[in-house]
Amino acid sequence: MKGYLVIAVVIATLCLSEVRSQISRDPCKYFTCENGRCFAPNDVPRCECFTGYIYNPVLETCVLLLPDPCAGFSCGNGVCIAPNGRPICECDPGFKFDAGRTFNKCVRIPGSEV
């Protein structure tokens, strides 16, 4: 029985050695890097994303970088938020969001004193 255990350990060691050898030859071989290219400084695979993509460490790949919906959107007396990808204003006290065609920003609530 001892002989079988020694053989199993030797085979496992050889297999592990082969896996390490394969990885050290090409660290990017098993590294998914969609929408980018893999490079391996010091044999550690990393993802360099193509323009318009950003690396997501949770998904371990490059994902589309969405533009900031609040870019260029001025609320005046408030702050732009985009809970559903559409810009709206979270207004300061005494102001309300006017989503009309004219304003699209925070306007004073009539009769309020700030």
Between Cys75 and Cys80, does the SG-SG distance stay under 2.5 Å?
->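 No - the two cysteines, Cys80 and Cys75, have SG atoms at least 2.5 Å from each other.
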
Rounded to the nearest 0.5 Å, what separates atom [atom1] in [X] from atom [atom2] in [Y]?
X: Cys70; Y: Ile81; atom1: SG; atom2: CD1; answer: 8.0 Å
X: Leu64; Y: Tyr53; atom1: CG; atom2: OH; answer: 5.5 Å
X: Lys105; Y: Asn77; atom1: NZ; atom2: CG; answer: 8.5 Å
X: Ile54; Y: Leu66; atom1: CD1; atom2: CG; answer: 10.5 Å
X: Leu59; Y: Cys47; atom1: CG; atom2: SG; answer: 11.5 Å
X: Cys106; Y: Asp92; atom1: SG; atom2: CG; answer: 6.5 Å

If you link ILVMFWY side chains whenever their heavy atoms are less than 4.5 Å apart, which other residues fall into the same cluster as Tyr55? By chain and number, please.
->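 Members alongside Tyr55: Phe31.
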
Residues forming a salt bridge (charged side-chain N to carboxylate O under 4.0 Å, His left out) with Arg37, sequence neighbours excluded =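 If we apply the salt bridge (charged side-chain N to carboxylate O under 4.0 Å, His left out) test to Arg37, skipping adjacent residues, the hits are Glu48.
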
What residues, two or more places apart in sequence or in another chain, satisfy salt bridge (charged side-chain N to carboxylate O under 4.0 Å, His left out) together with Glu90?
->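 So Glu90 forms no salt bridge (charged side-chain N to carboxylate O under 4.0 Å, His left out) with any residue.
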
When hydrophobic residues are tied together by side-chain contacts of less than 4.5 Å, even through go-betweens, does Phe50 share a cluster with Leu65?
-> no

Give the intermediate values and the outcome of side-chain contact (heavy atoms from CB on, under 4.5 Å) for residues Phe95 and Val107.
-> CA-CA 5 Å; Phe95 292 84; Val107 294; 5.6 Å; no

Could you pull out the closest heavy-atom pair between Gly85 and Pro69, with the gap in Å?
->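 Minimum heavy-atom separation between Gly85 and Pro69: O-CB, 3.4 Å.
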
Shortest non-hydrogen pair, Ala40 vs Pro27, comes out as CB-CG, 3.5 Å

Where the side chain of Asn56 meets the backbone of Val58, is there a donor-acceptor pair that is under 3.5 Å apart?
->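 Looks like yes, one N/O pair under 3.5 Å.
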
